[in-house]
Each structure stands twice: as C-alpha cells, then as structure tokens.
2 protein chains.
Amino acid sequence: MSGWEAIRDDVRARIAAREWVPGGLIPGEEALAVSYGVARATVNRAMRELAETGLVERRRKAGTRVAQGAARRAILSIPVIREQVEALDKVHSFQILTLCEQTPPEAVCRAMALGQDLRLLHIDTLHRADGRPHALETRWLNVAAVPGPLPDLMRITVNEWLLQTVPYATGEIVFAAEPADADEVLHLECAPGAALFVTERVTRTNAGPVTWVRLAHAPGWRMRTVL
Amino acid sequence: MSGWEAIRDDVRARIAAREWVPGGLIPGEEALAVSYGVARATVNRAMRELAETGLVERRRKAGTRVAQGAARRAILSIPVIREQVEALDKVHSFQILTLCEQTPPEAVCRAMALGQDLRLLHIDTLHRADGRPHALETRWLNVAAVPGPLPDLMRITVNEWLLQTVPYATGEIVFAAEPADADEVLHLECAPGAALFVTERVTRTNAGPVTWVRLAHAPGWRMRTVL
DNA sequence: CAGTGGTCTAGACCACTCG
DNA sequence: GAGTGGTCTAGACCACTGG
C-alpha cells in the first residue's frame, strides 16, 4: 500500500508506539509532507481521516495533537431487518398484526414533534427468522410526509419501502433494555418481564416527521459493531 | 456557505426532491464540475462525503447511483462513563468492589482470544451518578499488553487511564439486554431479573488483547444517537 | 478497452485562532 | 499578526470494472 493510506497507517503506528503521546503535538502538514516526500494535500487527506475517527484533534494555528481520552467513535450500521435476519443464514418472514388509522399516544407525538390530534397510520409487524419470532415492530407513519401511494404491505415491509421512497432523512435512534409487556410476551413467545433489546427511531425529512418505529427484539439478540 | 459543502447539500436536496431516484444514475464528476463551475476534485470531495454516509454508491466505470435501501450508517460516540454522567448534570463517583489477579471465565478468554490458563487483573467498579448507582463495570485487564505501571486506581478510572495510555486500539462492542443477576441486584439496587442495558467491549493493540469490559447500566438507561 | 472514480501534485488563497 | 489547517484549482496518471 502507498499513498495517503500508508501515511495514515504510519501516523497511527507512531502514535501507538508513543512517539507522539496523547496531548502532544504532531508536526505540521508541511513538515510531514516533506518527510514523507508527498504533497501537503496528501498528508491532509491522511490526517483528516484520523481526525474523523477521533484519534487526533486539529485546530488552525494550534496544529494537530493526539486526542486525550476523548470519546471514541464507531460507525454503526443499521440494517433492514430482513438483512439482519439473512445475515444469520435464516429465512425472514413477517406478519402484519395491526393496520389502522389512529391517534398515537402522547409519547409518540412528542418524539415526532407533532400536534396531539393528528391521526397516523399505525402498523404492528411481527418479524420471524426461520419461523421463530425475531422482533416486534410498532410503527406510526405520517402518510402526509410521504410522496405517492402506499405499496402492497403484504409483499414489502414498510421499512424497506420507506428507504426506497424517502432517500434522504435525518433522525435519532435510542437503544434501551425494557421488560417484555403482555403483547411482547404473546408475540415474541418469551417470559413476562424478560429483558428485551429495544430500539426506537424517529425519521424526518424536510416535509416533516415521517415515521416513529419501535423494535423489540426477542431475548438473546445482541447488536455488534467494530471500533 | 459555498464550496464542496454547498455541492454536497445541493446533491442531497436534489435526491430528496427525487430529481435522481434510488437506483438511478447521477451525472459523472466531470459533468457536475462543469455545471457547478468548480474543479473535479471539489465535486469528488462532496460525493465522497455522501458515499461515506451511505446515501450514494460509487463504482469506477459504473458511476454514482443513489443508494437503494442500503444500510444507513450512524456515528456512535462512545464516551467515558464520567462524561456520560456529567452530560446529565450529575456528579460522577465510583467505588472499586473487586481488585485481584485471577483466571478469567472461559467466555472472557474466548472473547479476548487468550489461552485458558492466563491470569488477568480483575477489576469490578460501581459507578454512581449523584450518589445513585449508575453502572456496574466488570473488567479483565491484560497487564502484559499495557506499557508502564498502573495508576492510582482510587483517583482515575481504569477506562480513562487506558484511553490516555493506549491511544490507538481496535476492538468490538456488543450491545444487549440482560436480566439482572444477584450481584447487579445488590449493587444497582434493582429488582431481580430487571432489564439491564449491557455493553461488552474488547480492546486490542498490536501488543495483544488489552481489556475486556462489561458495563451493566441501571434500569432506565437509554443510549441515544443521531442519524 | 474505454469510461469512471481514486489519487496525487504544485501552487495558491482563505479562515481561523493562538499568542 | 502570523502560523496553521481548510479548501480550491488545473492538470495528470492510475485502478478498477462494465460493456
């Protein structure tokens, strides 16, 4: 390997070898460019990469320093459930439990930043892996913020349809552990109060809040990521 | 705003406006550079950013396409517990429960990819927020992979010391929901079997595996991130 | 094999911010 | 004010890969 990746790796190695210590100053781009025999832009590309992962901190005039025990950043990939299941070499299937227009509970209204008296599409879906319960999805969909008609919900999950239809969206995700309630006991076939891994996600576009979705995973589910 | 960020935002907006649809082809860098009146490198900078967040997919010769329902990526910031607590406007304190050299359980050996008969430093710590239990930390530390002597463990948490001492490390994190066991009931002051948000992290350097740490958060803890 | 993105260069100007 | 990183340019060559 050569080029900016080689420089990035070399700087990483020299930090790991404590040639430059946390809080310490790393030579400027110009100096590094000379010592590596490349253009400054190439050094800049390498250092920017390291700054994005949080290993170094850069400030104009102040230079580049090795980060001091700051927060490490990890990239979290949030797959569609079908892919999540298929990654385990299992067959994904799903079953719609609820499909109606309703006024959502107050907590959902607040999370979506919507008025109290709005009616949203309420969709509950049970996802299965090889026929066994995998996750229970509770979704509130703001149809007004979505262009075009709804798809055939028997053939495609709302989530995948949204990803194809609303390409750019922002939002938040919350991860938590919650005890199984009666509904979850029934559909996920677990004990009452069992510890469930839960994710809650709000998605927005500039046309307004699109959807609020809660996923309760069957006991034992683990979310894994690399640093 | 102008420059590559303006181009990035404009492309985003045109995707959101469905001028380019998921799966569809976006004009090449050369064409965009002409139409925006900038150098190709500037367009490249903008498009690379969009590719990193997963909004578009780029392949040589094939060009750039709007991503089709691919996995969304989120950046997960993993703060030190002290900062996590202080972000809630609470005072962090901690208390070491266990500190001894032991042979770790088999599961830990496997996760760290270590032989079975090694002795590691075992440290259990209870973290408090405003005096109330916040998280129970179970840690196995491979002293051989860490340079220099251990710090005064009454003054600084192992985690913060490691971040300052071992600047560059790779590893994995697992997030899960688990029922509280007897120890956790005792120290976190929760009900038996309560749903706890648990993270398990393995950290490695080129000197070998450094540490395995499990954090069991008190009931109600939620991890939040933006998309 | 030809078209696209990936990278590099040498130079320039700018923006920020520390001292 | 001056030094550092941030960005941009115009041009070039390369690497990958689809047709």
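Each chain gets a letter, A, B and so on, in the order the sequences are listed, and its residues count up from 1.
- Backbone-only contact: B/Ala62 has heavy atoms under 4.0 Å from sugar-phosphate atoms and none from a base.
- Rounding to whole angstrom units, CZ of residue B/Arg45 and P of D/dT9 are separated by 13 Å.
- If B/Thr64 and A/Ala41 are placed on DNA chain C by their nearest nucleotide, the residue sitting closer to the 5' end is B/Thr64.
- A side-chain N or O of B/Arg139 and one of B/Thr211 form a donor-acceptor pair less than 3.5 Å apart.
- Across D/dA2, C/dC13, C/dG6, the shortest atom-to-atom separation from the side chain of A/Arg40 is found for C/dC13.
- Ring orientation note: the planes of B/Trp140 and B/His122 are close to parallel, at an angle under 30° on the 30°/60° scale.
- To the nearest angstrom, P of C/dG11 lies 17 Å from CD of A/Glu29.
- Computed from coordinates, the A/Glu30 CD to C/dA12 C1' distance equals 13 Å when rounded to whole Å.
- Between A/Lys61 atom NZ and C/dC14 atom C1' there is a gap of 16 Å when expressed in whole angstrom units.
- No more than 12 heavy atoms of other residues, nucleotides or ligands shown are found within 6.0 angstrom of CZ on B/Arg59.
- When each of B/Arg59 and A/Trp4 is assigned the nucleotide of DNA chain C bearing its nearest heavy atom, the one mapping closer to the 5' terminus is B/Arg59.
- At a threshold of 4.0 Å, the pair B/Arg110-B/Glu106 counts as salt-bridged, since one of the basic side-chain nitrogens sits closer than that to a carboxylate oxygen.
- Between B/Glu52 atom CD and C/dG5 atom P there is a gap of 16 Å when expressed in whole angstrom units.
- Donor-acceptor pairing under 3.5 Å is recorded for the side chains of B/His134 and B/Gln84.
- Using a 4.0 Å cut-off, no side-chain N or O of A/Asn44 falls inside it from OP1 or OP2 of D/dG5.
- Residue B/Arg60 places its side chain closer to C/dG5 than to any other of C/dT9, D/dT4, C/dG5.
- As rounded to whole Å, 13 Å separates atom C1' of D/dT7 from atom CD of B/Glu49.
- Of the listed nucleotides (D/dA10, C/dC16, C/dT9), C/dT9 has the atom at the smallest distance from the side chain of A/Val38.
- Atoms OH (A/Tyr36) and C1' (C/dC8) sit 17 Å apart, rounded to a whole Å.
- Atom CG of A/Leu25 and atom P of C/dG19 are 10 Å apart (whole Å).
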